[in-house]
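Quick note: numbers below take in every heavy atom, side chains included, and nothing from hydrogens, waters or symmetry partners. In this chain, residues are counted from 1 in sequence order.
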Amino acid sequence: MSSQASPDSEAQWELIDGGTSVGTAGPEDGIILVDEELLETARITLERDTDHAPFAITCGVYGSLLHTCRFRLEVEARSAYEAMKPELAAIVRLKSARIANPELVPPQVISDACFQFTKTFR
């Protein structure tokens, strides 16, 4: 992670490969609608027409979390997509804090945050 960049800002989320993945097959075998990455630490992908649901979000924090949620309605999926981004960024901040100061941020804190994320976004 760049010392100047912080995962606090929505502006830090960028389209994967400039948006070239949009329209291609996603992790749930649907068509990617949006595919973003946060400072090479987290990713979130919204798809339609997946094998298991009309819409799905696959997201994760590299090395710590991989999670998929399924939705019937696009409006619900898009709302969840936007709500997930700051929560993923919070987990990234915890991981960064642990790297900077391992004795202050035990691994269980990150595990608990990931567990809470999966409980919040089902």
Side-chain angles (χ1 to χ4, degrees):
M1 184 178 329
S2 166
S3 60
Q4 295 177 355
S6 167
D8 296 326
S9 169
E10 288 296 313
Q12 298 301 321
W13 287 93
E14 295 184 4
L15 291 174
I16 297 286
D17 296 327
T20 59
S21 63
V22 172
T24 65
E28 291 291 299
D29 293 323
I31 304 300
I32 293 176
L33 299 175
V34 190
D35 194 13
E36 295 177 284
E37 187 175 52
L38 177 65
L39 303 170
E40 299 178 354
T41 61
R43 184 172 182 168
I44 186 166
T45 305
L46 172 62
E47 305 171 62
R48 68 173 165 77
D49 302 327
T50 73
D51 285 345
H52 303 288
F55 296 91
I57 297 170
T58 302
C59 60
V61 174
Y62 301 148
S64 297
L65 171 71
L66 179 61
H67 187 60
T68 300
C69 298
R70 294 175 179 94
F71 303 87
R72 288 182 350 156
L73 302 174
E74 182 173 5
V75 66
E76 293 171 340
R78 288 192 181 269
S79 177
Y81 183 94
E82 291 305 321
M84 288 177 178
K85 290 176 10 177
E87 299 300 322
L88 291 167
I91 296 169
V92 168
R93 284 192 303 277
L94 284 173
K95 285 187 69 171
S96 296
R98 172 148 175 76
I99 290 167
N101 217 335
E103 55 281 344
L104 292 180
V105 183
Q108 189 62 41
V109 171
I110 296 166
S111 295
D112 290 348
C114 291
F115 178 73
Q116 186 59 48
F117 181 91
T118 62
K119 278 183 57 180
T120 301
F121 300 103
R122 295 179 184 231

**Q.** From E47, H52, E28, residue fulfilling side-chain hydrogen bond (donor to acceptor under 3.5 Å, both in side chains) relative to R70
**A.**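 Filter result, single survivor: E28.
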Q: Would you mind telling me which of T20, T58, T45 makes a side-chain hydrogen bond (donor to acceptor under 3.5 Å, both in side chains) with D35?
A: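 Looking at T20, T58, T45, the match for D35 under the side-chain hydrogen bond (donor to acceptor under 3.5 Å, both in side chains) is T45.
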Between [X] and [Y], which heavy-atom pair has the shortest distance, and what is it?
X	Y	value
A100	P102	C-CD, 3.9 Å
A83	E87	O-CG, 3.6 Å
G26	I32	CA-CG1, 3.6 Å
V34	L15	CG1-CD2, 4.4 Å
A77	F55	CB-CB, 3.8 Å

Side chains of [X] and [Y], heavy atoms from C-beta outward: is any pair under 4.5 Å?
X	Y	result
I57	F121	no
L88	C59	yes
K85	L38	no
L39	V92	no
F117	V61	no

Got a second to check how far [X]'s [atom1] is from [Y]'s [atom2], nearest 0.5 Å?
X	Y	atom1	atom2	result
L46	E82	CG	CD	9.5 Å
I16	E37	CD1	CD	4.0 Å
W13	R43	CH2	CZ	10.5 Å

Q: Please determine if R78 and E74 form a salt bridge, counting it only when a charged side-chain N lies under 4.0 Å from a carboxylate O.
A: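 Counted as a salt bridge, because a side-chain N and a carboxylate O are separated by less than 4.0 Å.
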Q: Examine I91 and Y62 and state if one hydrophobic cluster contains both, with Ile, Leu, Val, Met, Phe, Trp and Tyr joined whenever side-chain heavy atoms are less than 4.5 Å apart.
A: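 In one cluster: no.
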Q) Do the side chain of R98 and the main chain of V105 share a donor and acceptor less than 3.5 angstrom apart? A)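 Present.
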Can you establish whether the number of heavy atoms outside [X] located under 6.0 Å from its atom [atom1] is more than 12?
X	atom1	value
N101	CG	yes
E40	CD	no
F115	CZ	no

Q: Test S64 against K95 for side-chain hydrogen bond (donor to acceptor under 3.5 Å, both in side chains), laying out the working first.
A: CA-CA 9 Å; S64 297; K95 285 187 69 171; 3.1 Å; yes
